[in-house]
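Here the structure is a predicted model, which means the values were calculated and not measured. Below, each value reflects all heavy atoms present in this structure, side chains not excepted, and no hydrogens, waters or symmetry copies.
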Amino acid sequence: MEDGYQNRTAFIKGAKDIAKEVKRQAVKKVGRSVDRVTDEYSKRSYSRFEEDDDDDYPMQGSQDGGYYRGDSQAANDDEGGHSDSTEGHDEDDEIYEGEYQGIPRADSGKGSLAGGPGSVGASAQQFRDIGVSEAQRRKDQEELAQQYETILQECGHGKFQWTLYFVLGLALMADGVEIFVVGFVLPSAEKDMCLSEPNKSMLGLIVYFGMMVGAFLWGALADRIGRRQSLLISLSINSIFSFFSSFVQGYSTFLFCRLLSGVGIGGSIPIVFSYYSEFLAQEKRGEHLSWLCMFWMIGGIYASAMAWAIIPHYGWSFQMGSAYQFHSWRVFVLVCAFPSVAAIAALSAMPESPRFYLENGKHDEGWMILKQVHDTNMRAKGYPERVFSVTTIKTVKQMDELVEIGTDTPVWQRYRMKIMSLSQQIRNNILACFSPEYKRTTFMLMAVWFTMSFSYYGLTVWFPDMIKYIQKQEYEAKTKTFTKERVEHVTFNFTLENQVHRQGHYFNDKFLNLKLKSMVFEDSVFEECYFEDITSTHTFFRNCTFIATLFYNTDLFKYRLVNSKLINSTFLHNKEGCMLDFSDDFNNAYMIYFVNFLGTLAVLPGNIVSALLMDKIGRLRMLAGSSVISCVSCFFLMFGNSESGMIALLCLFGGISIASWNALDVITVELYPSDKRTTAFGFLNALCKLAAVLGISIFQSFVGITKAVPILFAAGALAAGSFLATKLPETRGQVLQ
């Protein structure tokens with residue numbers, strides 16, 4: 001019987017190939033009616049097929065339209081028969097060995113192939129209706145959605161989904177790490193790269209620009225070339241340029257590498273959530289997508305812990321002359337690429353989304369993966385004898401997107417035509433998100449994503465800056481002031497810090513091997529003094545006079561001498577390097593790591609609550625409720641007048657707002673059909689990163705000026721977002737479109 005099925009499959013494949021060739025030649029050379037030629041040849045082919053083979057291989061369908069094997073067929077299976085998802089699968093994906101389950105074929109909506117003349121007519125109709133109407137395609141998608149949910153119920157939730165959970169979690173963890181890398185290395189990298197304040201600001205924002213481009217690009221590609229393939233490419237780009245960025249020396253090259261690293265990791269969020277959702281049944285989807293969000297938190301904790309453990313250790317560095325330096329912060333950048341590399345290795349062993357295959361007419365590939373999911377879960381649960389009973393799965397009829405390329409076409413032109421075709425398909429997919437059917441949903445989600453991102457990222461960056469400002473105020477409050485002092489024949493060989501000296505007179509004094517930190521000399525005179533091996537930061541001499549004074553091996557560049565006079569004074573062997581002020585106090589760096597660690601860890605309770613309640617109270621209540629509470633919590637920021645108070649408020653805000661982010665991720669996945677899901681998610685996530693850049697830039701400009709404006713901005717944005725969220729449709733209990 002298997003030989004007969006092989007002959008039958010080979011004949012069908014041959015008939016399809018010949019019919020397509022007849023159609024192409026008819027259109028190109030003869031100009032005959034395509035439908036008529038194809039119809040005649042199809043009828044001829046299938047009439048012969050029906051006469052020879054129709055009665056030899058009956059396949060009993062079920063009352064579900066032929067999706068499952070009949071009882072009589074199941075009774076004929078060998079006891080304990082079980083086949084792995086790839087066992088006996090030949091190179092052409094045509095034959096399935098093991099227990100006999102019939103030949104899985106895409107359902108045409110008219111019954112199975114063995115259902116009689118109606119199935120033959122449906123197959124002939126498939127040849128005739130090459131250009132499928134959008135209405136028919138939508139009908140196919142609805143039927144596939146219902147059947148796909150039933151199949152996932154049969155496959156169950158088990159080992160396969162949990163394995164995929166940890167694999168995709170690594171990709172999401174890499175995204176969380178990327179957000180924190182630049183902020184952690186700036187205190188150390190600024191001196192190595194001689195970064196000015198504008199350069200530091202650009203380096204902090206460049207990652208968001210890269211992620212914005214990446215989210216849009218990879219989200220759109222994932223709907224065309226597949227979730228798994230797009231995610232592998234994007235993570236590979238992130239890993240490669242993260243690796244390079246740890247070794248490059250110049251600011252421009254480092255900035256470029258971090259930009260492309262951000263472009264790579266930008267695809268993780270839209271692809272990961274869409275990918276995982278297509279393996280989850282309806283009653284598990286909201287909960288397990290929320291659990292998946294915890295890996296973003298783990299990424300932040302990982303980055304904070306690695307920064308704390310690596311960056312302060314100067315011994316983890318080496319240099320080759322003065323041209324190449326590899327300090328500890330570069331080791332940290334290298335270590336931060338590990339989650340992305342691990343995700344690539346693990347993802348290579350996972351299959352593509354079967355829903356993607358079925359949406360693109362690849363029935364056999366989708367069937368094989370669903371069988372793999374079923375068999376993996378059943379073996380893990382102790383039921384290896386259970387057989388995957390699905391024989392036929394609905395596939396969506398494809399639009400004719402064939403681009404005819406002649407054999408004599410140059411290779412570069414072939415690739416150009418393929419890229420143009422892919423670009424056109426992506427453009428159509430993006431425009432489809434703004435079609436009348438989805439326009440209202442898309443604009444509502446755009447507003448919610450923008451308002452939440454604007455307030456969340458703006459405040460999370462504003463918090464550390466406010467903590468620094470409070471620290472600065474406390475430091476300045478301890479400044480000591482000296483007036484009209486006269487110092488003669490004294491040697492200073494210790495650190496001078498946080499002092500102001502006015503109208504002083506220094507005669508024949510020596511300043512040897514010392515650090516000047518936040519020192520200001522005003523209207524003072526230095527006569528016959530000697531400065532040697534001086535390192536200074538935030539130190540200035542204003543309106544001072546230097547008479548017969550020697551500067552040897554110092555960094556007291558002339559820009560530190562503001563409106564000062566030099567009379568018979570000399571500078572010898574000035575120190576090389578950046579003529580900028582840096583903070584070499586690692587207590588500040590430790591504070592940055594500690595604050596971010598606590599802020600990231602604080603989202604754990606919110607993650608747990610959202611995961612447990614997502615499928616119980618619904619996505620909209622979770623989204624709107626969390627946004628309202630976050631809005632109210634913003635007003636407590638007025639009382640954050642101390643360092644500890646600001647840290648506590650940061651933890652409170654992060655712990656509350658994470659629930660709304662989880663709900664927004666889930667509802668975005670569920671509101672769009674599979675063929676537009678990652679495109680829409682990528683577009684919205686790109687808008688999110690744009691809002692983050694705006695929020696960070698605006699909120700930082702008010703540090704040290706006023707608290708009221710950032711608080712009102714954040715509260716207003718969250719209030720608007722929570723109101724608009726209530727206008728979105730609830731997706732709890734619905735099948736995945």
Expected output: side-chain [X] to main-chain [Y] donor-acceptor under 3.5 Å:
| X | Y | result |
| --- | --- | --- |
| S453 | W449 | no |
| S569 | T549 | yes |
| S697 | L694 | no |
| D509 | H489 | yes |
| S234 | I265 | no |
| S524 | F521 | no |
| R258 | I206 | no |
| T539 | L516 | yes |
| N662 | S610 | no |

Any side-chain heavy-atom pair of [X] and [Y] under 4.5 Å:
| X | Y | answer |
| --- | --- | --- |
| F295 | D175 | no |
| W661 | W296 | no |
| L664 | V448 | yes |
| H501 | M519 | yes |
| F699 | V709 | no |

To the nearest 0.5 Å, how far apart are [atom1] in [X] and [atom2] in [Y]?
| X | Y | atom1 | atom2 | answer |
| --- | --- | --- | --- | --- |
| I271 | I233 | CD1 | CD1 | 9.0 Å |
| L512 | I534 | CG | CD1 | 7.0 Å |
| N685 | W218 | CG | CH2 | 15.0 Å |
| I310 | F184 | CD1 | CZ | 12.0 Å |
| C293 | N607 | SG | CG | 6.5 Å |

CZ (F492) with more than 12 external heavy atoms under 6.0 Å = yes
message = Run the side chain to side chain donor-acceptor pair (under 3.5 Å) test on R560 and S536 for me, step by step, so that the C-alpha distance in whole Å, both residues' side-chain angles and the decisive distance to 0.1 Å come before the verdict.
response = CA-CA 10 Å; R560 297 192 185 278; S536 62; 3.1 Å; yes
key: Nearest heavy-atom neighbours spanning V248 and C257   = CG1-SG, 4.3 Å
Take the angle between the ring planes of [X] and [Y] and call it parallel below 30°, perpendicular above 60°, tilted in between.
| X | Y | answer |
| --- | --- | --- |
| F247 | F243 | tilted |
| F254 | W329 | perpendicular |
| F541 | F526 | perpendicular |

ask   = Would you call E488 and R486 a salt bridge, taking side-chain N to carboxylate O under 4.0 Å as the test?
value = yes
task = Answer yes or no: is there an ion pair linking K515 with E497, defined by an N-O contact shorter than 4.0 Å?
result = no
request  = May I have the step-by-step check of side chain to side chain donor-acceptor pair (under 3.5 Å) for N553 and H573, ending in yes or no?
outcome  = CA-CA 5 Å; N553 191 31; H573 300 287; over 6 Å; no
key: Pair F551 and F546, ring centroids less than 6.0 Å apart   = yes
request  = Compute the ring centroids of F494 and F511, then answer whether they are less than 6.0 Å apart.
outcome  = no
request  = Please assess Y530 against Y552 for the test ring-ring contact (aromatic ring centres under 6.0 Å, His included), listing each intermediate value before the final yes or no.
outcome  = CA-CA 8 Å; Y530 180 70; Y552 183 86; 7.2 Å; no
